[in-house]
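What follows is one structure encoded as structure tokens, with my remarks underneath.
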Amino acid sequence: MPLPDVLELPLAINLLAVFFGALGGTLRAGEDEHTDLVGVFTLAAAMGFGGGLVRDLLLGNLPPAAFRDPSYLIVAAAAAGLGMLFLYYLRKLGPVLWPIDTIVIGLFACVGTNAALIADLGMLPAIIIGTIASVGGLILSDLLQGRPSSIMYVGPPNAVAGLAGAVTYALLYTGTRPLISIGIAVIATVLVRLTGPLFH
Amino acid sequence: MPLPDVLELPLAINLLAVFFGALGGTLRAGEDEHTDLVGVFTLAAAMGFGGGLVRDLLLGNLPPAAFRDPSYLIVAAAAAGLGMLFLYYLRKLGPVLWPIDTIVIGLFACVGTNAALIADLGMLPAIIIGTIASVGGLILSDLLQGRPSSIMYVGPPNAVAGLAGAVTYALLYTGTRPLISIGIAVIATVLVRLTGPLFH
Amino acid sequence: MPLPDVLELPLAINLLAVFFGALGGTLRAGEDEHTDLVGVFTLAAAMGFGGGLVRDLLLGNLPPAAFRDPSYLIVAAAAAGLGMLFLYYLRKLGPVLWPIDTIVIGLFACVGTNAALIADLGMLPAIIIGTIASVGGLILSDLLQGRPSSIMYVGPPNAVAGLAGAVTYALLYTGTRPLISIGIAVIATVLVRLTGPLFH
């Protein structure tokens, strides 16, 4: 399998996560009526590469992947554009969209954990960086909107779901066949996100 | 022309932007009556090097320029000191000062775009980094003051003006004669900032 | 004396600061009733390594020390666990605990200044980085809780105390016998924190 990118995962995986992350950011901007066009792109970028930026800053992979390869920016801008065009329909789909949000969290957890393991970090630090990467977009968006960080407060267990994805990916990590590990880790993420609220 | 600094632009350009940025930060601190002396210097530094810090973090130019060369710190502290001494008069000048704010945004856009192009980033990422650098001080100050990021909300089109400066500088970039490109890019920034509100 | 770590200070010094910083973060989370378990660990981590993260990001020591050596994560998690178990008693100890907070600020100031001097930064930038490191945990926690940064507003002079620690450490720095310099710098930090409010 070609490993076309410094993250040593197929680029399509990263871009998929960026696309749906940025779409989520656009929806979020749409909920805030004072946001202007710059705000839409800013939140799309924050949710689309926020986790990747934090990951690359922490690992010293600089400039971050999102700036080394223009595809990231183009994909995020496309998601923001499509998100604005179809905002009305996307909002109606709201309850249907949450699994996509959770899949994005799982994908960012895998990409982040993978990047940390490649950088020769140990299992525990790699899991923490994967978890931070999984919710980095949420943290950054909350910061930019001047809100307390939603991951710390009672609500959807996004960080715990991201942790589940990162732990699963780290345990399955062998350096080869990443797609199978990613698939299982994303399923773990979705399961925790789904059943998490039951424990509150 | 001597290129005395890792940014490969005359140091005076950077220090000019830092000085007026820090002066703006001091005025901003003056509007917030609970701010103490630490707050004044913090906001002066945030507005004076915020954009440069974000730029250097994203490009991996570490330690950031603002910490490699003590001139930056001295210039920002001088701006904060002068700003506090003459706060009363500077406030009266408020409406006269906004062109300086906009020139600072334009200068940071040029310095940021230039640094990204030198780091061999492509045109699109360089423009994005230049734009982030142009409003990085505003973003950081809003974060520190616990406010939503003003660039995302209806108001003065600072980010769009910074984008105009970054695009102009990137298009004119040849690696030589930076001062002419900077001059034109700053004019573009000011024009967009001036006419931007007409489109709302 | 063995210098077992990239910071070239005995690891125990760093871990001590991380432990008490994280304990302070746990208490802080305990004051905010909507915080969940993720929030407790996030604030413990933010107060325990926030300053170190900012320091390592600014110096380009990446991945940050907190992620290169799992001891940091384990110590912070232990502090969060113990903090939650004994929250009731720790809160009663509140007024007795503030010297520990201040000692932590002093330790982070020393570690940060030391790291900057080792990275061949000049005296002035090293002092600024030490000061930022001393209150980086407070800044990060305020950001995550969506609050204005407490260091900028009238209140306990934490940043000035950190600055006193950083200046003292930098003046005493010789590259050897760090423990004596750290001891004196921490005393300076505590004295400024103690007498600072008298000047308001």
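Lettering follows sequence order; numbering is per chain, from 1.
The most heavy-atom pairs under 4.5 Å with chain B, out of C/I139, C/V160, C/D120, C/I151, come from C/I151.
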Q.
I'd like to know whether C/N114 forms a side-chain hydrogen bond (donor to acceptor under 3.5 Å, both in side chains) with C/Y169, so could you lay out the CA-CA distance, the side-chain angles of the two residues, the decisive distance to 0.1 Å, and finally the verdict.
A. CA-CA 8 Å; C/N114 189 68; C/Y169 187 83; 2.7 Å; yes
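Considering only heavy atoms from C-beta on, C/I182 comes within 4.5 Å of C/L107 through its side chain. Side-chain atoms of C/I13 and C/V111, non-hydrogen and from C-beta on, do get closer than 4.5 Å to each other.
Within the 4.5 angstrom heavy-atom criterion, no atom of B/D142 approaches chain C. Looking at C/L143, the atoms closer than 4.5 Å to chain B (heavy atoms on both sides) all sit in the side chain, from C-beta outward. Contacts of B/L37 with chain C are absent, with no heavy-atom separation under 4.5 Å from either backbone or side chain.
C/N158 CG to C/S150 OG: the interatomic distance, rounded to the nearest 0.5 Å, is 6.5 Å.
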